[in-house]
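Heavy atoms only: backbone and side chains are in, while hydrogens, waters and symmetry mates are out.
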Amino acid sequence: MTRDEETGEVSIVINITPQPTPRPRVAKFGTYYPATYKAYIKELDAMIPPAAVALEGELLVEVEAVCQPIKKSKFTTPAGDVDNLAKGVLDMLTKKGFYGDDRQIVDLHVTKRFPRDDEQPHFRISLLEIE
């Protein structure tokens, strides 16, 4: 995690294979997420350090998801909707105190792509307070 002293932009790289947030499952005793997603969230929680200072104003957030390549597929883009790819990591940034509430995000840019040569799957996130 880095913070640009001049602009105040916070940049974070999380070396994890992005996963889209699934719809919760409905059962007799309530709703739940699949075990694989719970494990993913637990791993995200361990990888993201708590924020030193919470951003308090309106935010411009950029999320780049570099996804696992698909070995055999007719598709030229990674699986998962961009909003579902961003949801888990944004929720974790809220939990870790980078900002108080998702309501602060007034401008959100989410992109997804396959890795380039010698690049591993990861998230690249930037947060910037705007006036």
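Ion pairing between a basic and an acidic side chain is recognised when a charged N comes within 4.0 Å of a carboxylate O; Lys96 and Asp45 show such pairing.
Linking Ile, Leu, Val, Met, Phe, Trp and Tyr whenever their side-chain heavy atoms come within less than 4.5 Å puts Val61 and Val82 in one cluster. In this structure, Val66 is not a member of the same hydrophobic cluster as Ile16, with clusters built from ILVMFWY side-chain heavy atoms closer than 4.5 Å. Note: the hydrophobic cluster containing Leu85 does not contain Ile12 (ILVMFWY, side chain heavy atoms under 4.5 Å, direct or indirect links).
The environment of Lys87 atom NZ is sparse: at most 12 non-hydrogen atoms of other residues, nucleotides or ligands sit within 6.0 angstrom.
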Candidate pair Leu55 and Phe98, rule side-chain contact (heavy atoms from CB on, under 4.5 Å), full reasoning:
CA-CA 6 Å; Leu55 300 171; Phe98 283 83; 5.7 Å; no
How far apart are the C-alpha atoms of Met1 and Val10, what are their side-chain angles, what is the distance that settles it, and do they pass the side-chain contact (heavy atoms from CB on, under 4.5 Å) test?
CA-CA 7 Å; Met1 177 178 63; Val10 176; 4.1 Å; yes
Yes or no on side-chain contact (heavy atoms from CB on, under 4.5 Å) for Phe114 and Ile70, after CA distance, side-chain angles and deciding distance?
CA-CA 9 Å; Phe114 290 123; Ile70 302 171; 4.0 Å; yes
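Looking at Asp4, its side chain does come within 3.5 Å of a backbone N or O of Glu6 through a donor-acceptor pair.
Remark: Tyr33 pairs with Tyr37 by the ring-ring contact (aromatic ring centres under 6.0 Å, His included) rule, at least two apart or across chains.
Among residue pairs with one or both ends in residues 55-65, those qualifying as side chain to side chain donor-acceptor pair (under 3.5 Å) are Glu64-Arg113; sequence neighbours excluded.
Clustering of Ile, Leu, Val, Met, Phe, Trp and Tyr by side-chain heavy atoms under 4.5 Å joins Ile130 with Leu60, Val106, Leu128.
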